[in-house]
Undergrad: 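Before anything else, here's the structure in question.
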Amino acid sequence: MSSEKPLLAGVMGWPIHHSRSPRLHNYWLRQHRIAGQYMPLPIMPEQLALALRALPVLGYAGCNLTLPHKTAAMALMDDVDRDAQRIGAINTVVVRDDGTLYGRNTDVEGFVHNLLQAGCPISAGPALVLGAGGAARAVLAGLRQQHCPEIYIANRTPGRAEELAEWFGEPVQAIGWDERHQLMSMMNLVVNATSQGMKGQPALDINLSALPTGAFVNDLIYHPLETPLLQQAKKLGLHVADGLGMLLYQAVPAFAAWFGQTPTITPELRCLMAEGL
Ligand code: NDP
């Protein structure tokens, strides 16, 4: 990368003060001795188009997108990666040399790498996904990509789960929210993609006791790091994967695309990122 170019990236969201991404990317910039900066960018939905178009003018290498911009930003790209089109959302924008904007979704890689790193054999059995928002889309795409044989999705608002099952097709199947306990005894993996269990929110209403020994429980939430769901899973002797891993792994390909170097996730970095969670 030319040294004359300012090495800038950031994360657009509204609100954005809670984001841990600046801490993460600025750590890697220091570690790789890259004289760059990753900024929190508070952008209201109505300013999104203007803000994205300003990236090349301001010399940004790109940015991440978080709530509520992941879907709306797609239409504002010059080009969108095929996987991201399939998911229907982007979380990473890369400014190409000609100033055009390329959108991709690294949440899928983040979700998959986190589970594989935890030792979860995704293709070995059925998975139950709870929630049908933006994060659930990345989860379904990741499970399909890893050849999960049966994928069940349950959501408080059933229509949204049905919509996603239709969007992704086989082997994704929607089940009613009240049916979420009925299939528990055959699950290899349960993923919480709802907001329940986040700091300030009630715990997810679920009983994991029928899960088979050896099953995995993954919570996408990382604040707190150990959610009531993961506490319950640990008490039952099940395998767990927290949400911080997904956050860390989704950032690796984004950093590499902007700054030309592939960063690593070390225990020291995990500790730094977990501080205060
Ligand atoms: P959305 O707002 O798009 O979706 C929220 C989901 O939670 C919906 O399915 C919603 O159901 C469900 N929900 C809300 N309240 C309840 C309730 N009382 N009971 C049951 N279900 C409920 O959020 P996202 O999909 O973007 O994010 C979901 C979670 O994933 C968040 O906690 C987020 O922090 C986390 N996340 C983590 C990432 C990581 O890197 N670790 C990346 C992205 C997200 P309904 O449709 O009925 O409203």
Side-chain angles (χ1 to χ4, degrees), residues 11-25 45 64-73 84 87-92 104-115 117-118 128-142 152-165 167 172 174-181 190-207 217-230 240-255 265 269-270 273-274 277:
V11 53
M12 292 186 188
W14 186 263
I16 199 59
H17 59 269
H18 65 281
S19 174
R20 298 228 148 198
S21 293
R23 189 188 289 198
L24 173 58
H25 286 282
N64 282 129
L65 297 163
T66 187
L67 280 174
H69 302 317
K70 287 186 181 185
T71 306
I87 297 160
I90 56 172
N91 74 331
T92 302
R104 54 185 285 197
N105 192 312
T106 65
D107 279 339
V108 179
E109 282 153 271
F111 166 71
V112 167
H113 275 113
N114 186 36
L115 275 186
Q117 183 66 26
L128 173 62
V129 179
L130 300 159
R137 284 176 172 266
V139 169
L140 295 178
Y152 298 92
I153 176 165
N155 191 50
R156 178 183 60 172
T157 310
R160 293 185 79 193
E162 285 156 21
E163 222 173 88
L164 284 196
W167 173 280
V172 182
I175 59 167
W177 184 246
D178 292 340
E179 294 171 277
R180 66 195 183 285
H181 290 111
V190 173
V191 182
N192 177 27
T194 76
S195 52
Q196 298 298 279
M198 263 172 94
K199 191 174 159 41
Q201 293 276 340
L204 179 66
D205 177 15
I206 193 127
N207 183 344
V217 178
N218 174 210
D219 205 326
L220 300 196
I221 291 169
Y222 55 82
H223 195 194
L225 198 53
E226 191 167 281
T227 60
L229 178 76
L230 295 186
V240 297
D242 63 43
L244 182 58
M246 176 172 169
L247 178 76
L248 294 171
Y249 283 106
Q250 62 77 32
V252 170
F255 187 95
I265 293 163
L269 174 61
R270 238 195 92 91
M273 292 297 291
L277 290 178

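Atom set for the values below is all heavy atoms of this structure, side chains included, hydrogens, waters and symmetry mates excluded. Remember, it's 1-based here, ligands and their atoms both numbered in the order they're listed.
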Undergrad: I'd like to check whether Y222 has a polar contact with ligand 1, where a contact means an N/O of the residue lying under 3.5 Å from an N/O of the ligand.
TA: no
Undergrad: Is the number of heavy atoms from other residues, nucleotides or ligands within 6.0 Å of CD (E179) greater than 12?
TA: yes
Undergrad: Between A135 and ligand 1, does any nitrogen or oxygen pair lie at a separation below 3.5 Å?
TA: yes
Undergrad: Check whether any side-chain heavy atom of V172 lies under 4.5 Å from a side-chain heavy atom of V129, and answer yes or no.
TA: no
Undergrad: Check each atom of ligand 1 against the heavy atoms of A132 and keep those under 4.0 Å away; list them by number with element.
TA: 9 (O)
Undergrad: Do R270 and L225 have side-chain heavy atoms sitting under 4.5 Å apart?
TA: yes
Undergrad: Among L229, L115, V190, find the residue that satisfies the side-chain contact (heavy atoms from CB on, under 4.5 Å) test when tested with N218.
TA: L115
Undergrad: In terms of residue, atom name and distance, what is the protein heavy atom nearest to atom 10 (C) of ligand 1?
TA: N155 OD1, 3.9 Å
Undergrad: Got N105 and R137 here, is their nearest side-chain heavy-atom distance under 4.5 Å?
TA: no
Undergrad: Show the numbers, then the answer: is there a side chain to side chain contact (heavy atoms under 4.5 Å, CB included) between E109 and Y249?
TA: CA-CA 7 Å; E109 282 153 271; Y249 283 106; over 6 Å; no
Undergrad: Is there side-chain contact between V191 and F111, with at least one heavy-atom pair below 4.5 Å?
TA: yes
Undergrad: May I ask you to identify, for Q196, whether its side chain, its backbone, both or neither come under 4.0 Å of ligand 1 on a heavy-atom basis?
TA: side chain
Undergrad: Suppose I only count heavy atoms of G133 and a 4.0 Å limit; which atoms of ligand 1 are within that range?
TA: 3 (O), 4 (O), 9 (O), 25 (O)
Undergrad: Do we see a donor-acceptor contact under 3.5 Å between the side chains of T227 and D219?
TA: yes
Undergrad: Where's the contact between T157 and ligand 1, heavy-atom distance under 4.0 Å: side chain, backbone, both or neither?
TA: both
Undergrad: Considering distance alone, does some N or O of L67 sit under 3.5 Å from an N or O of ligand 1?
TA: no
Undergrad: What are the atoms of ligand 1, with element, lying closer than 4.0 Å to any heavy atom of G134?
TA: 3 (O), 25 (O)
Undergrad: Are the charged groups of R180 and D205 less than 4.0 angstrom apart, N to O?
TA: yes
Undergrad: Are side-chain heavy atoms of W14 and P68 found at a separation under 4.5 Å?
TA: yes
Undergrad: By number and element, which atoms of ligand 1 are closer than 4.0 Å to a non-hydrogen atom of I221?
TA: 32 (O)
Undergrad: What are the atoms of ligand 1, with element, lying closer than 4.0 Å to any heavy atom of R160?
TA: 8 (C), 45 (P), 46 (O), 48 (O)
Undergrad: Counting from 1, what ligand 1 atoms have a heavy atom of G131 closer than 4.0 Å?
TA: 9 (O)
Undergrad: In the protein, which heavy atom is nearest to atom 14 (C) of ligand 1, and how far is it?
TA: S195 OG, 3.3 Å
Undergrad: Please report which non-hydrogen protein atom sits nearest to atom 48 (O) of ligand 1, along with the residue it belongs to and the distance in Å to one decimal place.
TA: R156 NH2, 2.9 Å
Undergrad: Would you say L220 has any N or O atom under 3.5 Å from an N or O of ligand 1, going by distance alone?
TA: yes
Undergrad: Using the side-chain contact (heavy atoms from CB on, under 4.5 Å) rule, pick out the option among L24, I265, T106 that qualifies with V252.
TA: I265
Undergrad: Has Q250 got any heavy atom lying under 4.0 angstrom from an atom of ligand 1?
TA: no
Undergrad: Is the backbone of A138 close enough, under 3.5 Å, to the side chain of D107 for a donor and an acceptor to pair up by distance?
TA: no
Undergrad: Under 4.0 Å from atom 2 (O) of ligand 1, is there any protein heavy atom?
TA: no
Undergrad: Hey, is atom 33 (C) of ligand 1 touched by any protein heavy atom at less than 4.0 Å?
TA: no
Undergrad: Any non-hydrogen atom of A193 lying under 4.0 Å from ligand 1?
TA: yes
Undergrad: Return yes or no for this condition: an N or O of M198 is under 3.5 Å from an N or O of ligand 1.
TA: no
Undergrad: Can you confirm, on distance only, whether ligand 1 has an N/O atom lying under 3.5 Å from any N/O atom belonging to W177?
TA: no
Undergrad: Among K70, R104, Q250, whose side-chain hydrogen bond (donor to acceptor under 3.5 Å, both in side chains) with N91 holds?
TA: Q250
Undergrad: Is there side-chain contact between R20 and L247, with heavy atoms separated by less than 4.5 Å?
TA: yes
Undergrad: Can you report which non-hydrogen protein atom sits closest to atom 29 (C) of ligand 1, along with the distance?
TA: T194 O, 3.4 Å
Undergrad: Please list the nearest protein heavy atom to atom 42 (C) of ligand 1 with its residue and the distance rounded to 0.1 Å.
TA: M246 CE, 3.9 Å
Undergrad: Applying a heavy-atom cut-off of 4.0 Å, say which part of A138 lies close to ligand 1: side chain, backbone, both or neither.
TA: neither
